[in-house]
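As structure tokens, the structure follows; a few thoughts come after it.
Letters go in sequence order (proteins before strands), and every chain restarts at 1.
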Amino acid sequence: MPNIYVPKPSSDTVVYVKDLRTWFPVRRSFIDVIRRRPPLYVHAVDGVSFDIKEGETFGLAGESGCGKTTTGKTILRLVDPVGGIIAYRPRERLLKEWEEIGYHPKFIDQYKSVDISKIPSKYLKPLRKEMQMIFQDPYGSLNPRFTVYKILEEPLVIHGIGETKEERYDLIVRVLEQVKLTPPEEFLNRYPHMLSGGQRQRVGIARALLLQPRFIVADEPTSMLDVSIRAEILELMMELKERYKLTYVFITHDLALARYICDRIAIMYLGRIVEMGNTRRVLENPLHPYTKALISAIPEPDPRYRKILRELPIKGEVPSPINIPPGCRFRPRCVTYDKTTEIQKYCETEEPPLIEVEKDHYVSCWLYGTPEEVRELIKK
Amino acid sequence: MLEVKNLKTYFYTTKGVVKAVDGVSFKLNKGEVLGIAGESGCGKSTTAYSLIRLVPPPGKIVDGELIFEGRDILKLSEEDFRKQIRWKKISMVFQGAMNALNPVYTVGDQIAEVLMLHKHMTKEEAMKEVYKLLEMVGIDPKRAKSYPHELSGGMKQRVVIAMALALRPPLVIADEPTTALDVVVQAQIMNLLKRLQREHQMSIILITHDLSLIAEMAEKVAIMYAGKIVEYGTAEQVFLNPQHPYTRGLLASIPRLTGDIHKLEFIPGVPPDLSNPPPGCRFAPRCKFKFEPCDKEEPPVIEVEPGHYVSCWLHAKK
């Protein structure tokens, strides 16, 4: 009998998320308002659960619009969720700081996790030091009018790190050395346009690193870079992870890349996780029809492929996240659904939960357990 | 069918001459797919624009020959080129063209415009042809009445492909035809291109930074670096037996879905500034096999095996 995935904190869990929902309201017209039409929402993240262990690289993968970036931003409270739990286990440093500004967080489990979706925004600032983000676009995420020095000094000033200018200067020089922009003095006075894409992304990493975070959300950090330098940035990120015991959420659309750097991966579709588990296991033995389709679509640098047309076991297009199809949300595109008549009644009516098919490999599909079995499990 | 000889396209900027394409030569047979790969700024798009003579100013084709169906099309006047060659004989799927569709015209009208201007069809005749074209690229002909914002990215890209095929040209240049599309849609578009290429015996020049896509389609592959072709050969030769250190580095830097997980490699450094390229081999500053002659003199083009050309001093010595 399979198990249902429920995020269970353990002593080495840093972050876990339970039934996270982030919806964006759709702008209503005047007529909608006077006719009292119900408000509509874009269900960007719609019931996502996972847990991340200390020192792990957790991949969030999927096509554009699947909610992977919104999930990442919600964990950092850059976007506010409408429901669910985001549990984070703060370090002593953060607890002390909260104490100082008069905030006494409520612990939600025995490991002293705090539900950061409930923290009032005025107490979020100290949390920012713990949780940082590396952005996708190294061209758009650095202020073009600031020098590298100013870009990196800003977080220090905001968080009151380094009393004097000299202290801050030393910190900045040190972080530039860490991201291998050497000699640092040469880069301090440059503007972003004077740097290459790879160098800019290093500045982005340096900025995230500067506040000594524990947890970093990296949103497609290499997708805008040329292939030949991608590996260099990834290697740097992995090296920094080892050295500073960081935990990463790595958002990517490139499954082949995820295979090289993520310990575990979650494949998202239309705001939900459809498959999750050990990266190699998921990619080498994909179980969800969507994951199978995604993997079959990835081109490989092997000239044998040119003689064949790729078979893509998927139909149609991604539906709008405003009107999510009832039942399994992948059903309208699912080729397996068409072929497997005996489970169709489940697919049409009920959303499948994440079912454990093998150890640490969860799939959200009625092929791997009927609703009756699932209800039985939930009762237990 | 097409022979490019020593093509040079320079940009005359206020900061100096940028040699974006600097002596590119290749041959393309009828019904063949040539892939041109390289990283951003290597001159692959400029090469494409040069082939249909649409190099944006301050760029200029300064030298070379483009022999197409037996005559040098660089010698034609702009008027003749537009009337006889551009779109009729050589058309192009521009990078990001799907976002350049006119938002206030239906997609059907936009495809019909090509036919009305070039073939002097009436609107009715043109629309009939449009339905055929849409069907060919896998879009329901009823969609001819849709505006671009009503279509998904994949469908817009199909429309752009339909436009390029409207006059059934023997040669189509596809410049990054799938960037900004998701993998599933990308695979669908690549399948479409493959199918059309086979059915219509078209020649395609596929330009992309993604070597995997080239492997999906191209029979011949040219790897460009800093305005020059550094390696050229059949897909098998280039992918399975790469000879230039740059090609090898590129191939080793691509993460793969199958096989062992080796360490991903990278090529240290950045491509040179093309307004002031290094003397000698342009890849030398980033090359780990660099030796004495590399910095001094440009490497010759060497045929390492029949049809497989490499521009590298490592092979000149042998």
Side-chain angles (χ1 to χ4, degrees), chain A residues 61-66 180 195-199 222 224-236 238 252-261 279-280 283-284 286 290 293-318 333, chain B residues 33 35 38-42 152-155 178 180-188 190-192 194-195 198 209-219 221 234-240 246 249-259 261-271 286:
Chain A
E63 294 180 288
S64 45
C66 72
K180 304 202 173 112
L195 304 173
S196 70
Q199 289 170 338
T222 58
M224 308 268 284
L225 304 175
D226 272 324
V227 215
S228 70
I229 53 170
R230 268 182 206 173
E232 199 175 358
I233 296 292
L234 292 171
E235 196 175 282
L236 171 71
M238 290 302 133
T252 181
H253 66 274
D254 186 344
L255 291 181
L257 182 64
R259 187 165 167 260
Y260 285 76
I261 48 172
T279 309
R280 290 197 71 161
L283 298 183
E284 277 156 31
Y290 177 64
L294 265 189
I295 287 175
S296 70
I298 298 172
E300 291 250 355
D302 184 332
R304 276 174 307 182
Y305 285 104
R306 75 167 195 268
K307 303 205 167 81
I308 49 163
L309 290 182
R310 272 181 186 270
E311 221 174 282
L312 297 167
I314 191 165
K315 56 182 186 179
E317 276 165 9
V318 187
R333 303 189 69 193
Chain B
V33 182
E39 295 179 292
S40 41
C42 73
S152 67
M155 279 160 89
T178 62
L181 296 175
D182 277 317
V183 272
V184 173
V185 185
Q186 168 173 286
Q188 288 166 343
M190 291 308 286
N191 274 349
L192 171 73
K194 271 190 222 178
R195 211 194 67 222
R198 281 178 209 171
H209 65 279
D210 190 341
L211 280 172
S212 316
L213 286 181
I214 293 213
E216 288 276 307
M217 252 192 105
E219 279 128 32
V221 179
T234 65
E236 279 77 11
Q237 287 168 338
V238 174
F239 281 99
L240 305 178
Y246 178 64
L250 270 187
L251 284 169
S253 69
I254 302 173
R256 295 169 196 239
L257 257 187
T258 48
I261 297 183
H262 56 88
K263 200 174 141 280
L264 282 183
E265 288 195 27
F266 57 83
I267 306 171
V270 286
R286 298 175 77 187

*asked:* Could you check whether any side-chain heavy atom of A:Leu257 comes within less than 4.5 Å of a side-chain heavy atom of B:Leu264, counting everything from C-beta outward?
replied: yes
_chain A interface, residue from B:Leu211, B:Asp210, B:Ile254, B:Leu250 that has the most non-hydrogen pairs under 4.5 Å_ = B:Ile254
*Atom group of B:Ala252 that falls short of 4.5 Å from chain A, counting heavy atoms*: neither
*Using a cut-off of under 4.5 Å for heavy-atom pairs, which of B:Gly154, B:Gly269, B:Ala218 has the most such pairs with chain A?*
B:Ala218
*For residues A:Ser228 and B:Glu39, determine if any side-chain heavy atom of one lies less than 4.5 Å from a side-chain heavy atom of the other.*
yes
*Heavy-atom distances under 4.5 Å only: say whether A:Leu312 touches chain B with side chain, backbone, both or neither.*
side chain
*Should A:Arg306 and B:Met190 count as side-chain neighbours, where that means a heavy-atom distance under 4.5 Å?*
no
*Does the side-chain contact (heavy atoms from CB on, under 4.5 Å) test come out yes or no for B:Val183 and A:His253, once each step is laid out?*
CA-CA 8 Å; B:Val183 272; A:His253 66 274; 5.5 Å; no
*Looking only at non-hydrogen atoms, find the nearest pair between A:Ile295 and B:Leu257 and report the distance.*
CG2-CD1, 3.8 Å
_Which heavy atom of A:Tyr260 sits nearest to which heavy atom of B:His262, and what is that distance?_
CE2-O, 3.3 Å
*Gap separating the CG atom of A:Leu236 from the CZ atom of B:Phe266, nearest 0.5 angstrom*: 9.5 Å
*Quick one: closest heavy-atom pair of A:Glu317 and B:Ser152, and the distance?*
OE2-OG, 2.9 Å
*Measure across B:Ile267 and A:Glu232 and return the closest heavy-atom pair with its distance rounded to 0.1 Å.*
O-OE1, 4.2 Å
*Work out which heavy atom in A:Pro303 is nearest to a heavy atom in B:Phe239; give both atom names and the distance.*
CD-CB, 3.6 Å
*With a 4.5 angstrom heavy-atom cut-off, could you sort out which part of B:Leu240 is near chain A: side chain, backbone, both or neither?*
side chain
*Among A:Gln199, A:Arg230, A:Arg310, which residue forms the greatest number of heavy-atom pairs with chain B at distances under 4.5 Å?*
A:Arg310
*Quick one: which of B:Glu265, B:Glu219, B:Lys263 has the most heavy-atom pairs under 4.5 Å with chain A, could you say?*
B:Glu219
*Below 4.5 Å from any heavy atom of chain A, which atoms of B:Thr258 appear? Answer side chain, backbone, both or neither.*
both
*Do you know which of B:Arg256, B:Lys194, B:Arg198 has the most heavy-atom pairs under 4.5 Å to chain A?*
B:Arg256
*asked:* Taking side chain as everything from C-beta outward and backbone as N, CA, C, O, which of these in A:Ser64 sits under 4.5 Å from a heavy atom of chain B? Side chain, backbone, both or neither.
replied: both
*Heavy-atom distance under 4.5 Å to chain A: side chain of B:Val270, backbone, both or neither?*
side chain
*Considering only heavy atoms and a distance below 4.5 Å, find which of A:Asp254, A:Val227, A:Ile308 pairs most often with chain B.*
A:Val227
*Let me know if A:Glu235 has heavy atoms under 4.5 Å from chain B in its side chain, its backbone, both or neither.*
side chain
_With rounding to the nearest 0.5 angstrom, report the CG to CD distance, A:Leu309 to B:Gln188._
12.0 Å
